[in-house]
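These numbers come from the heavy atoms of this one structure, side chains and all, not from hydrogens, waters or symmetry mates. Per chain, numbering begins at 1; letters A, B, ... match sequence-line order.
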There are 2 protein chains.
Amino acid sequence: MRIGELAKQVDMSTDALRYYEQQGLLSAPLRNASGYRQYGRKHMAQLRFIRRAKDVGFSLEEIAELLKINFEKEQHSCQEVKDLTLKKRELVAERIAELQRFHASLSQLAEQCCGSSAPAQHCSILTALEDIDGLTQ
Amino acid sequence: MRIGELAKQVDMSTDALRYYEQQGLLSAPLRNASGYRQYGRKHMAQLRFIRRAKDVGFSLEEIAELLKINFEKEQHSCQEVKDLTLKKRELVAERIAELQRFHASLSQLAEQCCGSSAPAQHCSILTALEDIDGLTQ
DNA sequence: ATAAACCTTAGAGTTAACACTAAGGTCAAG
DNA sequence: CTTGACCTTAGTGTTAACTCTAAGGTTTAT
Ligand SMILES: [Zn+2]
Ligand SMILES: [Zn+2]
Ligand SMILES: [Zn+2]
Ligand SMILES: [Zn+2]
């Protein structure tokens, strides 16, 4: 299977596949006489792993670690894998908390603004951003 | 007030202040005889506006829009400002939803893994990432 | 008068995950 | 036998919001 075919199968771009190879996430495949990459089932499995790991929020760097562990399972423990997962979940939770603060502040701002088409000289949102005490702590 | 002093007052870097000026978020100040920037209260107010807008999640590009509206309030309406705010809140909400899906998937993965220090050959997390049906849809 | 601390500009580097471009070689069909 | 679809590499561009570097001029204190 050449790169275009594999890319279509897994619904990724050929650029992405070459990028993953360069980043060590996808094994370098054999080449045919003219230098074209020849992929097999192993590579498709790797790409599906990458896809699923991306779908749960892991970064490519984290996925590289998971792939390495998966490749040499005997040398690694469940603890390691679970730690990676929990650490990632913690990061995600922190980011969610930050965004929820944003959401709450934006809601508060929007709620106070009349939203009319009249000139904005009295706009409570602008006032809140100008004044020190515009937003409830 | 020179740039270092102002930066200290608002707890930002001098680089950031020059960057904001370049991006049109901070008014270009007068220069003294040797070319040093001379800031006044107006600039500090602008920076506080920027700071508060950042604190509720606006990007610099969005802040530039808000500052422009704030500068020419008569030409703009409450509706415009409220729309910006609600649109931003919508984006934030979408991102939160995505991250919450990540969080749920990661929780599910972590829950199933024993987390022991035994070899990872049986690890349910790795299995889930390998198998098509590893994660509940 | 000299060292430390400040200021200036222009431009490059950072992070993530690719997308895009150029310049060229290869392969299948008609 | 040539067109079009595919493949190769190397290198640049993208986005956001700065940070860092280099190479130099200024101010302040001793
Ligand atoms: Zn209003
Ligand atoms: Zn308003
Ligand atoms: Zn286990
Ligand atoms: Zn496990």
Side-chain angles (χ1 to χ4, degrees), chain A residues 1-26 28-40 43 46-47 49-67 88 91-92 94-95 98-99 102, chain B residues 1-26 28-40 43 46-47 49-67 84 87-88 91-92 94-95 98-99 102:
Chain A
M1 204 185 337
R2 299 194 308 197
I3 198 170
E5 169 87 23
L6 178 56
K8 199 170 295 176
Q9 296 278 342
V10 299
D11 194 31
M12 294 174 173
S13 73
T14 56
D15 273 337
L17 265 54
R18 292 195 200 92
Y19 178 69
Y20 291 159
E21 179 180 335
Q22 190 213 324
Q23 297 299 304
L25 284 115
L26 180 58
L30 293 173
R31 302 295 183 112
N32 73 8
S34 14
Y36 288 16
R37 290 173 175 82
Q38 295 294 321
Y39 292 103
H43 304 96
Q46 287 175 0
L47 288 173
F49 188 104
I50 292 171
R51 154 71 34 101
R52 287 181 210 112
K54 283 189 61 166
D55 284 351
V56 302
F58 284 114
S59 68
L60 294 194
E61 194 178 351
E62 292 157 342
I63 295 174
E65 236 182 310
L66 288 169
L67 279 166
K88 181 67 188 184
L91 285 177
V92 170
E94 282 169 18
R95 181 70 178 140
E98 185 184 13
L99 289 175
F102 289 169
Chain B
M1 205 187 331
R2 298 194 310 197
I3 197 169
E5 169 86 22
L6 177 57
K8 199 170 295 176
Q9 296 279 343
V10 298
D11 193 32
M12 293 173 174
S13 73
T14 57
D15 274 336
L17 266 54
R18 292 194 200 93
Y19 179 69
Y20 291 159
E21 179 180 333
Q22 189 213 324
Q23 298 297 305
L25 285 116
L26 180 58
L30 294 173
R31 304 294 185 109
N32 74 8
S34 15
Y36 287 17
R37 291 173 175 81
Q38 294 295 320
Y39 292 103
H43 303 97
Q46 288 175 0
L47 288 173
F49 188 105
I50 292 171
R51 154 72 33 102
R52 287 180 211 114
K54 283 189 62 165
D55 283 351
V56 302
F58 285 114
S59 67
L60 294 194
E61 195 179 349
E62 292 157 343
I63 295 174
E65 237 181 310
L66 288 169
L67 280 165
L84 277 176
K87 192 175 137 208
K88 182 66 188 184
L91 285 176
V92 169
E94 281 169 20
R95 181 71 177 138
E98 186 185 12
L99 290 175
F102 289 168

Hey, does the side chain of Arg37(B) come within less than 4.0 Å of dT9(C)'s phosphate (OP1/OP2), counting only N and O?
yes

Could you give the CG-to-C1' distance, from Leu17(A) to dA19(C), as a whole number of Å?
14 Å

Just how far is it from atom CD1 of Ile63(A) to atom CD of Gln46(A), taken to the nearest 0.5 Å?
12.5 Å

Could you tell me how far apart Leu91(A) (CG) and dA16(C) (P) are, to the nearest whole angstrom?
12 Å

DNA chain C nearest-nucleotide lookup for Asp15(A) and Thr14(B): closer to the 5′ end is Thr14(B)

Does dC27(C) have OP1 or OP2 under 4.0 Å away from a side-chain N or O of Ser34(A)?
yes

Salt-bridged, Lys87(B) to Glu62(B), with N to O below 4.0 Å?
no

Length of the line joining Asp11(A):CG and dC18(C):C1', which is rounded to integer Å:
15 Å

5' priority, DNA chain D, between Lys8(A) and Asn32(B) [closest heavy atom]
Lys8(A)

Under the side-chain hydrogen bond (donor to acceptor under 3.5 Å, both in side chains) rule, collect the residues that match up with Arg95(B), sequence neighbours excluded.
Glu98(B)

Starting at CD of Gln38(A) and ending at C1' of dT26(C), how long is that distance when rounded to a whole Å?
13 Å

What are the bounds, 5' to 3', of the part of DNA chain D that sits under 4.0 Å from heavy atoms of chain A?
dC6(D) to dT9(D)

Could you state the atom-to-atom distance from OH of Tyr39(B) to P of dC6(C) in whole Å?
16 Å

Please report the distance, rounded to the nearest Å, between OH in Tyr19(B) and P in dG13(C).
17 Å

5' precedence on DNA chain C between Ser13(A) and Gly4(B) (nearest-nucleotide basis):
Gly4(B)

dA16(C), OP1 or OP2 - any side-chain N/O from Lys54(A) closer than 4.0 Å?
no

Report the C-alpha distance between Arg18(B) and Asp15(B) in whole Å, list the side-chain angles of each, state the deciding distance to 0.1 Å, and finish with yes or no for salt bridge (Lys or Arg N to Asp or Glu O under 4.0 Å).
CA-CA 5 Å; Arg18(B) 292 194 200 93; Asp15(B) 274 336; 3.4 Å; yes

Gln23(A) CD to dA19(C) C1', in whole Å, measures 15 Å

Looking at dA17(C), dT26(C), dC7(C), which one has an atom nearest to any side-chain atom of Arg2(B)?
dC7(C)

In whole Å, I'd like the distance from the CG atom of Leu26(A) to the P atom of dC18(C).
12 Å

